[in-house]
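A quick write-up on the structure given underneath.
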Amino acid sequence: MSTAPVIQVTGLRKRYGSIVAVDDVSFDVQDGEIFGLIGPNGAGKTTTMECVEGVRQPDAGRITVLGLDPIRDVYALQHRVGVQLQEAHLQKRIKVSEAIALWASLYRTSVDPRLLLEQLGLEDKRNAWFMTLSGGQKQRLFIALALINDPEVVFLDELTTGLDPQARRAIWDLVRGIRARGKTIFLTTHLMEEAERLCDRVAIIDHGRIVDIHSPAGLIRRHCPQRSVLLTTDDESAEARLRALENVAVTRADDGVLTVQGNAADLMTGVIQCLADHRIRVTDFQTVVPTLEDVFLKVTGHTIRE
Ligand SMILES: Nc1ncnc2c1ncn2[C@@H]1O[C@H](COP(=O)(O)OP(=O)(O)O)[C@@H](O)[C@H]1O
Ligand SMILES: [Mg+2]
């Protein structure tokens, strides 16, 4: 069974003066998934998201959210979507509970504020001023505000930027919890680890163009099918024995560590079989699996940080 996509973007274009920020971008976000638009700073993620939110007018292309037009149907949509706030939009001395009440007042329906603060681990901060919250607590508040109207779709732009790894993990768990309650999440990130751990599917965007779309594991299979085994052994014959395997490349580092590279499907079995057959004694054995970061380098020709 397939349902209509929650978000559908076709041929989206947006330029600022002479800069083409988003160039012929198309993708679908399905019901109940965490979909990530991933790419380096300046790639066009925020511009794309703002067009989908209806706060920016595209130059060309077609966008639907829950079957509606983000600009024409803005009032109908605002009750059904949740948008993460940016820091600059909240007063320093507003209390957490006041911000929640203020946001709740903007909508026809709202969830129980107490329950929401409890879900986001902010119940003991309800009387704290916004400016006294840590980075992670502020982000949790922004998520709370995005969820106040019990939306069907949630937009999160660079949700964990500037957070330490522990706060980041806590936020990932929260986002998974939102999905578990049946919501659809559209997020952007320039953090490949975040995308790999959190997203069901990702679209890689670079210089305003979509490079590929798939699950993180699917992208790795498609673009980086190679696996490596790093092993250490005192056996002088090992290198030659491993070289005799079909379709593998063997290199030896200065410290003696052997790297055996080959295709995921047969590499492990081949190496293990070879070691066993020749009774090669190994003191260290490590498999290296490519990441989304490797995929990004492969498909764009540059690293995400360049
Ligand atoms: N309001 C704006 N005016 C002019 N240029 C902009 C504006 N917003 C973004 N840009 C430019 O558009 C490109 C894409 O930006 P953005 O969508 O913010 O990318 P990302 O969110 O991936 O970092 C960048 O080159 C950026 O400098
Ligand atoms: Mg951005």
Any idea how His302 and His207 line up, ring-wise: parallel (<30°), tilted (30 to 60°), or perpendicular (>60°)? tilted
So, Asp157 and Thr188: side-chain donor and acceptor under 3.5 Å apart, yes or no? yes
Please answer: with hydrophobic residues joined when any side-chain heavy atoms are less than 4.5 Å apart, are Ile213 and Phe296 in the same cluster? no
Phe35 and Phe186 aromatic ring geometry - parallel, tilted or perpendicular at 30°/60° bounds: tilted
Other residues, nucleotides, ligands: >12 heavy atoms within 6.0 Å of Tyr16 OH: yes
Just checking Arg176: does its CZ atom have more than 12 heavy atoms from other residues, nucleotides or ligands closer to it than 6.0 angstrom? yes
Under 4.0 Å between a side-chain nitrogen and a carboxylate oxygen: does that hold for Glu152 and Lys183? no
Checking Ile7 against Thr184 for the side-chain contact (heavy atoms from CB on, under 4.5 Å) test, could you report, in this order, the C-alpha distance in whole Å, the side-chain angles of both residues, the deciding distance, and whether it holds? CA-CA 9 Å; Ile7 299 171; Thr184 303; 5.6 Å; no
Give a yes or no on this: more than 12 heavy atoms of other residues, nucleotides or ligands lie within 6.0 Å of atom CG of Asp254. no
Whether the Thr160 and Glu194 side chains hold a donor-acceptor pair (N or O, under 3.5 Å, no angle test) is what I'd like checked. yes
Taking Gln226's backbone N and O only, do any of them form a donor-acceptor pair with Asn263's side chain (distance below 3.5 Å, no angle check)? no
Between Asp200 and Arg179, does any side-chain N to carboxylate O distance fall below 4.0 Å? yes
Can you tell me how far apart CG (Leu116) and OG (Ser110) are? Round to the nearest 0.5 Å. 9.5 Å
How are the rings of Phe130 and Phe142 set relative to one another: parallel (under 30°), tilted (30 to 60°) or perpendicular (over 60°)? tilted
Check Lys14 with Glu50, please: is the shortest side-chain N to carboxylate O separation under 4.0 Å? no
Show your working on side-chain contact (heavy atoms from CB on, under 4.5 Å) between Thr287 and Met268 and close with a plain yes or no. CA-CA 8 Å; Thr287 62; Met268 300 303 158; 3.5 Å; yes
Between Glu123 and Arg114, is there a salt bridge with N-O shorter than 4.0 Å? no
Judged by modelled atom types alone, do Asp235 and Ser237 share a side-chain donor-acceptor pair under 3.5 Å? yes
